*Asks:* 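First the structure, which I've put down as structure tokens, then a few questions once you've had a look.
Quick caveat, the model's predicted, so the values are computed rather than measured. For ligands, and for the atoms within them, numbers begin at 1 and follow the listed sequence.
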Amino acid sequence: MTADDPPLVLKLGGSVITEKDRPETVDEPALAAAADAIADALDSGAVGRLVVVHGGGSFGHHHASEHGVSTTTGTRDPGAVSDVHGAMATLNRAVLAALHDRDVPAVPVHPLSLAARPGGTDGDLDLPLSSTATLLGEGFVPVLHGDGVATAGEGVTVVSGDELVVELAVGLGADRVGVCSTVPGVLDDDGSVIPTIDDFESVADALGASDTTDVSGGMTAKVRALLALDAPASVFGPDGLEAFLRGGTPGTRID
Ligand code: IP8
């Protein structure tokens, strides 16, 4: 591995690592299994440079929906911003602790302190990557998370982990992107995993909204965002994480 190797960007879905129906509850066995797979992949050299992003699950989404905040509707209530960000920082600490227990050199990167939507909710996300890139070059595993984000005209809205994955993949020149979700891939009408997706229209009908509280759009938004990438992406369930980190393509490959 050299400092210039393209990183792998991995998202751990919030519903994978938390109990989504119980506010602020980590799914400890699921987080431990994910941390084991990450530590093994780094130890064996199957993965060189790695950036991890995690979603909100029962931490961020619970508070965001209580305060009526989403990716398109913001808040000017500092207490609401603190609730959403504070919950995400708590979950981030749990993820870091699980990784540290396995000697993964994980460090937190908090999007609320870095990112903005200077053009409002219709504008692009501005996510400066200098700190993440430098941390990677120094051998760390940066761990970002869905968060609040300063948004012109709206106060603070939600930035989803999926949006961060896209920005990181493009800005850092990732060679592979993995999204570990609760489902084993993107499912068609019959509930079967669609092996490959290369355009949105062909799968639009099969994609429904996520069935539990999710202020940032569920699988449809995920597929749209991943299709926009140059790097190949895979969506898979927790059982596919190890295979993905070893270089395989479990679940659905999105090109
Ligand atoms: O779970 C949203 O991140 P996601 C995080 O990746 C918050 O959509 C703050 C609700």
*Asks:* Looking at Val84, which atoms of ligand 1 are within less than 4.0 Å of one of its heavy atoms?
*Replies:*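 So the answer, numbered in order with elements, is 9 (C).
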*Asks:* Mark yes or no for whether Arg176, through its side chain, and Phe244, through its backbone, hold a donor-acceptor pair below 3.5 Å.
*Replies:*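 Yes.
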*Asks:* What distance separates Asp162 CG from Leu226 CG, expressed to the nearest 0.5 Å?
*Replies:* 6.5 Å
*Asks:* Can a non-hydrogen atom of Lys11 be found less than 4.0 Å from any atom of ligand 1?
*Replies:* yes
*Asks:* Under 4.0 Å between a side-chain nitrogen and a carboxylate oxygen: does that hold for Asp5 and Arg49?
*Replies:* no
*Asks:* Any chance the rings of His85 and His110 have centres within less than 6.0 Å?
*Replies:* yes
*Asks:* For ligand 1, which is the ligand I care about here, please tell me if Gly56 has any N or O atom under 3.5 Å from one of the ligand's N or O atoms.
*Replies:*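 The answer is yes, given that Gly56 and ligand 1 share an N or O pair closer than 3.5 Å.
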*Asks:* With only distance considered, is Met88 within less than 3.5 Å of ligand 1 through an N or O on each side?
*Replies:* no
*Asks:* Has Thr25 got a side-chain atom pairing as donor or acceptor with Glu19's backbone, closer than 3.5 angstrom?
*Replies:* no
*Asks:* Is the shortest side-chain N to carboxylate O distance from Arg117 to Asp124 below 4.0 Å?
*Replies:*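 Answer for the salt bridge query: no.
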*Asks:* I need the atoms of ligand 1 closer than 4.0 Å to a non-hydrogen atom of Gly161, numbered in the order shown.
*Replies:* 3 (O), 4 (P), 6 (O)
*Asks:* If we only count N/O pairs under 3.5 Å, is His61 in contact with ligand 1?
*Replies:*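 Between His61 and ligand 1, an N or O pair is found under 3.5 Å apart.
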*Asks:* Using non-hydrogen atoms of the residue, decide whether Gly55 is closer than 4.0 angstrom to ligand 1.
*Replies:* yes
*Asks:* Under 4.0 Å from any heavy atom of Val158, which atoms of ligand 1 are there?
*Replies:* 2 (C), 7 (C), 10 (C)
*Asks:* Hey, is ligand 1 close enough to His54 that some N/O pair sits below 3.5 Å?
*Replies:* no
*Asks:* Would you check if the side chain of Glu138 reaches a backbone N or O of Leu135 as a donor-acceptor pair within less than 3.5 Å?
*Replies:* no
